[in-house]
Structure formats: structure tokens, C-alpha cells
J.: 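Here's a structure for you.
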Protein chains: 2
Amino acid sequence: MKLSTKGRYGLRAMVELARHYGTGITPLNEVAEKQEISSAYLEQLMSSLRKSGLVHSVRGAQGGYRLTRPPNRITVGEVLRSLEGPLVPVECVDETGVGCARMEDCCTVVVWERLRDAINDVLDSMTLQDLMDSGDK
Amino acid sequence: MKLSTKGRYGLRAMVELARHYGTGITPLNEVAEKQEISSAYLEQLMSSLRKSGLVHSVRGAQGGYRLTRPPNRITVGEVLRSLEGPLVPVECVDETGVGCARMEDCCTVVVWERLRDAINDVLDSMTLQDLMDSGDK
DNA sequence: TTAATTCCTAGTTAATCAATCGGAATTGTA
DNA sequence: TACAATTCCGATTGATTAACTAGGAATTAA
């Protein structure tokens with residue numbers, strides 16, 4: 001039931017970018033340094049975030065990243081789904097997936113559905129702006 | 001963010017035992033067969049459940065397991081915590097643990113706390129009885 | 001032209017998962 | 001008493017995943 005470092009690091013990186021929102025683009029190195037994340041690893045995470053349209057990138061010297069939307073319009077859920085895939089506690093309640101043979105008469109599926117919904121509700125209710133306002137670093 | 005087979009199999013096994021509640025003890029083999037779980041593997045899970053006091057075991061011929069409390073007084077949360085450990089999305093918000101160096105000025109810890117609470121609220125609000133009533137198998 | 005940067009793929013190491021195996025201990029029953 | 005059914009326990013294994021690291025290609029401002 002744990003998130004991987006992808007989600008944890010990536011979310012911190014996104015808050016960092018949120019702090020720079022409106023000031024042009026920020027090179028990955030600066031983000032990595034501020035948040036103490038290996039920049040080579042962070043690169044991979046930024047690639048996912050870019051592909052799901054949460055950040056825009058500029059290549060070449062003076063290049064870097066910026067959010068594609070203001071921080072109050074990017075939810076934590078979006079960021080984590082981009083990095084971790086569907087936020088489901090078990091495979092079988094992933095709506096984009098295949099379900100499970102047992103599904104029809106499984107006594108536990110109701111648990112996983114409720115859990116999935118609770119998780120997504122919490123994460124979709126918080127934005128990068130909320131995190132900027134609360135934390136320091 | 002996925003549960004392991006321990007939690008998934010173990011919960012199904014516990015619902016199976018819930019169905020036999022009041023009828024004496026049930027051998028592990030019967031539970032394993034009904035829920036299509038390797039009985040050798042299920043043994044390990046029962047060991048955890050016994051150690052946390054959720055089931056009582058009887059050794060020897062005609063032995064087996066039974067719940068230590070009626071199904072409406074065992075929550076899904078208890079079962080899963082017994083098998084999976086603390087139900088936290090990230091290490092640092094495990095109250096029984098050590099936290100994290102960054103903790104004080106971490107911008108994301110509030111997310112993990114909210115998520116942790118939501119997860120535990122959902123799982124502690126459902127009992128084995130609830131699952132017996134809903135599902136079939 | 002060069003230095004700074006993103007982009008992309010592959011490889012590595014360690015940990016974790018999901019069992020399996022073998023046998024010891026216990027206990028009801030023939 | 002002997003036996004069969006069961007729980008109990010620790011070790012081992014094989015596969016998968018996690019968390020990076022490495023190397024180089026492509027791009028672009030200065």
C-alpha cells in the first residue's frame with residue numbers, strides 16, 4: 001500500500017515548479033537541487049509529467065520546465081496518476097483494466113471500490129496551490 | 001499503491017471463516033479450497049492473523065481455525081493491518097515509525113496524512129459481517 | 001562553435017513478493 | 001498404541017519490481 005519514489009519525488013518537484021510559476025521556465029537541475037533528488041532520475045519523472053500534459057518543456061541551453069496550468073488548477077491526483085498509473089488498491093477495480101474472473105461473486109470487491117473512491121477523492125481535492133500554501137520547503 | 005496478495009487472500013479467507021462462525025472450527029484446507037488459495041501459502045497468513053489475535057487455532061486432527069470475535073466485531077482494517085502492516089501511503093506518516101528528516105518543512109506531508117486517514121477510515125468502517133452480507137462467494 | 005539543457009534507451013543492483021518445501025509438534029480416532 | 005490429520009515454523013527459491021545510473025543523441029541560446 002505504499003507509493004513509490006516516483007510519486008513522492010515527482011509531487012515535490014511539481015510543487016517546486018509551482019513556486020516558480022509565472023517566472024518563465026526552470027531548469028531541472030534547480031528543482032533537483034532544491035528538493036534533493038537525483039537529477040538523472042528526476043528527468044525520467046519529468047518525461048512522464050510532460051507526456052501527460054502537466055508540464056511544458058523547452059530544450060537546449062536556458063531550457064527547462066514549467067507548469068502548463070496555474071498551480072490551483074493541477075490536482076495532486078493528476079500528478080500521482082501520471083507517475084504511478086491508476087490509483088487503485090487492487091488491479092481488479094481499475095476501470096481501464098480487465099477486472100477479474102471472480103469479480104461477480106467476490107466478497108471483497110466492495111472494499112476495494114470504496115477504498116479506490118476514497119483515495120481518489122482525497123487526492124483530487126488537493127491542488128499544488130494548496131501544498132505551496134501549507135508547507136515551507 | 002497496491003495491496004499485496006497477503007491482504008487480498010487473507011481477507012477472503014477471513015470472510016470464509018466468518019461464514020463458518022458459530023459452527024466450531026474449520027480446517028485451513030477447506031478455506032483454501034473454497035477461496036482457491038494455495039494452502040501452504042495461506043498457512044503463513046493464518047499465522048499472522050493468529051498472532052494478532054483475530055483467529056484462534058486448534059492443532060492436531062480435527063483441528064483448524066475460528067474467529068475470536070463475531071464477524072460484525074472484526075473490521076477489514078484490523079485484518080489488513082495484521083497482514084500488511086500499518087496502512088500508510090508513505091513511511092513518514094506511520095505514527096509507530098520514525099518520520100523523516102524533511103518532515104518539518106515538507107510540502108507534501110499533509111497529503112499523506114489526509115490520505116492515510118481516509119484509507120483507515122474506510123477500512124475501519126467495514127466489518128467481515130458487511131462483506132458476508134454483500135458478496136456471494 | 002560551444003555549453004547547457006532536454007530526451008531516450010538500456011543496464012544494474014538490491015529489495016520485495018509470492019510462493020514452495022521439508023519437517024517438527026500436536027491431537028483426535030481406530 | 002499407532003496413525004492420520006492437522007497446525008506450526010524456518011529456510012529457500014524464482015520472478016518481478018524499484019530505484020537508480022550511464023551514455024549518448026538532439027536541441028538551442030549565447
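So you know, we letter chains A, B, ... as the sequences are listed, proteins then strands, and number each from 1.
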J.: Just to confirm, is there a sub-4.0 Å distance from OP1 or OP2 of D:dT21 to any side-chain nitrogen or oxygen of A:S38?
T.: yes
J.: Tell me: CG of A:L42 to P of D:dA19, nearest whole Å?
T.: 14 Å
J.: Which heavy atom of A:E36 sits nearest a heavy atom of B:R102, and at what distance?
T.: OE1-NH2, 3.2 Å
J.: Ignoring hydrogens and geometry, is there a side-chain-to-backbone donor-acceptor pair from B:R8 to A:V90 under 3.5 Å?
T.: no
J.: Over how many whole Å does the gap from B:I25 atom CD1 to C:dG28 atom P extend?
T.: 9 Å
J.: Grab the NZ-P distance between B:K2 and C:dC17 for me, whole Å please.
T.: 14 Å
J.: Does A:E16 pair with A:R19 as a salt bridge, N-O distance under 4.0 Å?
T.: yes
J.: Yes or no on side chain to side chain donor-acceptor pair (under 3.5 Å) for A:N29 and A:E33, after CA distance, side-chain angles and deciding distance?
T.: CA-CA 6 Å; A:N29 243 328; A:E33 217 169 286; over 6 Å; no
J.: Would you indicate, yes or no, if C:dT16 has its OP1 or OP2 atom less than 4.0 angstrom from a side-chain nitrogen or oxygen of B:S4?
T.: no
J.: Could you work out which one of D:dA29, D:dT7, D:dC9 sits closest to the side chain of B:P27?
T.: D:dT7
J.: Take atom CG of A:L3 and atom P of D:dA18, then tell me their distance rounded to the nearest Å.
T.: 11 Å
J.: Can you tell which of D:dA30, D:dT7, D:dA5 lies closest to the side chain of B:E43?
T.: D:dT7
J.: Whole angstrom is fine here: how far is it from CE in B:M46 over to P in C:dA19?
T.: 17 Å
J.: What I want to check is whether an N or O donor and acceptor connect the side chain of A:R59 with the base of C:dT6 at under 3.5 Å.
T.: yes
J.: What nucleotide, of C:dT6, C:dA18, D:dT6, holds the atom closest to the side chain of B:R8?
T.: C:dA18
J.: Closer than 4.0 angstrom, basic N to acidic O: yes or no for A:R81 and A:D124?
T.: yes
J.: Any base atoms under 4.0 Å from A:S47, or only sugar-phosphate, or nothing? Heavy atoms, all strands.
T.: nothing
J.: If I take atom CE in residue B:M1 and atom P in nucleotide C:dC17, what distance separates them, rounded to the nearest angstrom?
T.: 15 Å
J.: Quick one: on DNA chain C, does A:R50 or B:T5 contact a more 5' nucleotide (nearest heavy atom)?
T.: A:R50
J.: Write down the distance between CG (B:N29) and C1' (D:dA4), rounded to a whole number of angstrom.
T.: 13 Å
J.: Grab the CD-P distance between B:E91 and C:dA15 for me, whole Å please.
T.: 15 Å
J.: What's the closest nucleotide to the side chain of B:A61 if the choices are D:dA4, C:dT6, D:dC8?
T.: D:dA4
J.: Side chain of A:Y9 only, please: which of D:dC9, C:dT20, D:dC20 is the nearest?
T.: D:dC20
J.: Would you tell me if any nitrogen or oxygen in the side chain of A:Y41 comes within less than 4.0 Å of OP1 or OP2 on D:dA22?
T.: no
J.: Looking at A:Q44 and D:dT21, is any side-chain donor or acceptor paired with a base atom of the opposite kind under 3.5 Å?
T.: yes
